[in-house]
Amino acid sequence: MTGKDHGGSLDPQDWAIFRTEAHRMLDDIIDHIAHRRDLPLWQPAPPEARAAFDAPVPRAPVPLAEVHRDFLTHVLPYGAGNTHPGFMGWVQGGGTPVGMLAEMLAGGFNANCGGRNHMGIAVERQITRWMRDLYRFPETAGGIFLTGASQANFLAVLIARLRALGAGVRQDGLGAARLVAYASVEVHGCIPRAMEMAGLGRAALRMIPVDEAGRISLCALQEAIAADRAGGALPFLIVGSAGTVNQGAIDPLADLADIAAAEGMHFHIDGALGAFGYLAPDLAALFDGIERADSIGCDFHKWAQVPYDAGFLLTRDEAWQFNCFAADNSYLSRAATGLAGGDWWPCDTGPDLSRGLRALKVWYTLKTYGIDALGATISGTCALARSLADRIDAEPRLTRLTPVTLNVVCFRPVNDATGEKSRKIVEALHAAGRVAPSLTRIDGVPAIRACIVNHRTGPEDIAALVDGVLRQEAMLG
Ligand SMILES: *Cc1c(COP(=O)(O)O)cnc(C)c1O
């Protein structure tokens, strides 16, 4: 295994042995996925597993089969549960076997997708063109893969900042400019953090109230913009949510597009939770106006079921990305032809230089399942959420707290004014390892939150959730 005879090569000395071991590893992980429902959703890692990862640096080689055994015994049984059909916590995708294979192939291909002239770049380009067409963006549109929507949303703030202040901001910084951005109070926490990271500060994000359905109040937004202008600040960015993290609410996107256009502001949509709902014909109308955004941040690793991680930023004009990130570095000199050629180097349109081929698992996923099937899966999770809402509404001991727009349902026991019961119920359900909702706060009070993202989740899991909550509630008295 060490490749001593190859002058330091790390390739196997005996490819036949390696091949056998590799097939065995593949079988093991396929078995795991195929039987996922029968395994615990979550269980705490025992001390032996923790100890296996508190080991000294390995100086001498350990046989691959032994390392793999450690993975099987100490890692695989103690995951976060998001591949399990009973997982309904936070906003997490379940992954697919096809996506897993693509991830393995991408590892073997091992392309550095910062730039240069190779087909890895073309795969990423293909996804960008597909996204452009799906969201009806113009020919000028650009896109880039990132770890997740937190990064995509951060880049959108940087792009909006540059559009407001001009390219000089890259050289000179913010100067005296007082940029202010707007989003609803329900916006994801990565937006205030993006404001921090962009050097604008959290205080420069105006958190606008929402209506009873959790959507940004347009009146309050317009008043805030006018007040800021009167006070000498420069409104530069509106962030709309296409699916808020708490309750899946969709801001009035077309109205936000109108306001942003009238005010000369950048209109970004955080589509991490919901943007792919636009691919489901029965849901598309909810996202009316999404095609008018200046940029959309989204996550293939959530509703599109691609394995982690696969965030993506789609922009209306690729030149904005280029203006924000391109730099002239001698060691990245370009050639007209050959390996150092290529007409698109992602290091010019995003912050990363070395970057993997996240696009390959997306390409495999979109091709092998097709957009229609992915859309149907997404619709199916919303139908499950509605069935959960119906069941809660029919249970005298439970009360539903939010309207169900997409795939999120928030509820708690009727006699739980402090939310303390909800907190205990969620904790007990996690420990039991059959279903996993998460906890949020609605109007400041802890509440049980189920977000159906996983394509494996079915009616029996919805029943198990409600039954589990009622059982725990009865035990708490
Ligand atoms: C998940 C999520 C994010 C953050 O995305 P990451 O991929 O976790 O970085 C942002 N906004 C919303 C609405 C989300 O659901």
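Atoms within a ligand are numbered from 1 in the order they appear, just like the ligands themselves. Here the structure is a predicted model, which is why all the values come from computation and not from measurement.
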Worksheet item: Side chains of I159 and L313: closer than 4.5 Å at any heavy-atom pair?
Response: yes
Mark up the atoms of ligand 1 that fall under 4.0 Å of a heavy atom belonging to [X], in ascending order.
X    : answer
L273 : 15 (O)
C190 : 10 (C)
K302 : 1 (C), 2 (C), 3 (C), 4 (C), 5 (O), 14 (C), 15 (O)
G243 : 13 (C)
H188 : 2 (C), 3 (C), 4 (C), 10 (C), 11 (N), 12 (C), 14 (C)
H301 : 7 (O)
G148 : 7 (O), 9 (O)

Fill in: Geometric N/O contact N153 with ligand 1, under 3.5 angstrom
no
Worksheet entry | N/O separation below 3.5 Å, V245 to ligand 1 | no
Fill in: Any donor-acceptor N/O pair, N323 side chain to A319 backbone, under 3.5 Å
yes
Discussion item. Using only atom types and a distance under 3.5 Å, with no angle test, would you say the side chain of D352 pairs donor to acceptor with the backbone of S354?
Written reply: no
Item to complete: May I ask whether Q151 places a heavy atom under 4.0 Å from ligand 1?
Response: no
Worksheet item: For ligand 1, is there an atom lying under 4.0 Å from some heavy atom of G311?
Response: no
Practice prompt. For Y182 and D228, test the side chains for any donor-to-acceptor distance below 3.5 angstrom and give the result as yes or no.
Written response: yes
Worksheet item: Going by atom types alone, do S295 and H268 pair a side-chain donor with an acceptor below 3.5 Å?
Response: yes
Worksheet entry | Ion pair R129/E124, N-O distance below 4.0 Å | no
Discussion item. Residue-level breakdown please: for S150 versus ligand 1, do any non-hydrogen atoms fall below 4.0 Å on the side chain, on the backbone, on both, or on neither?
Written reply: both
Discussion item. Please verify the inter-ring angle class for W90 with H430; under 30° counts as parallel, over 60° as perpendicular, anything in between as tilted.
Written reply: tilted
Worksheet item: Can we call the ring centroids of H266 and W320 under 6.0 Å apart?
Response: yes
Worksheet item: How far is atom 11 (N) of ligand 1 from its nearest protein heavy atom, and which residue and atom name does that atom have?
Response: D270 OD2, 2.6 Å
Worksheet entry | Residue, atom name and distance, where the atom is the protein heavy atom closest to atom 7 (O) of ligand 1 | D299 OD2, 2.6 Å
Worksheet item: Do R316 and F137 meet the cation-pi criteria used here (NZ or CZ under 6.0 Å from the six-membered ring centre, within 45° of the axis)?
Response: yes
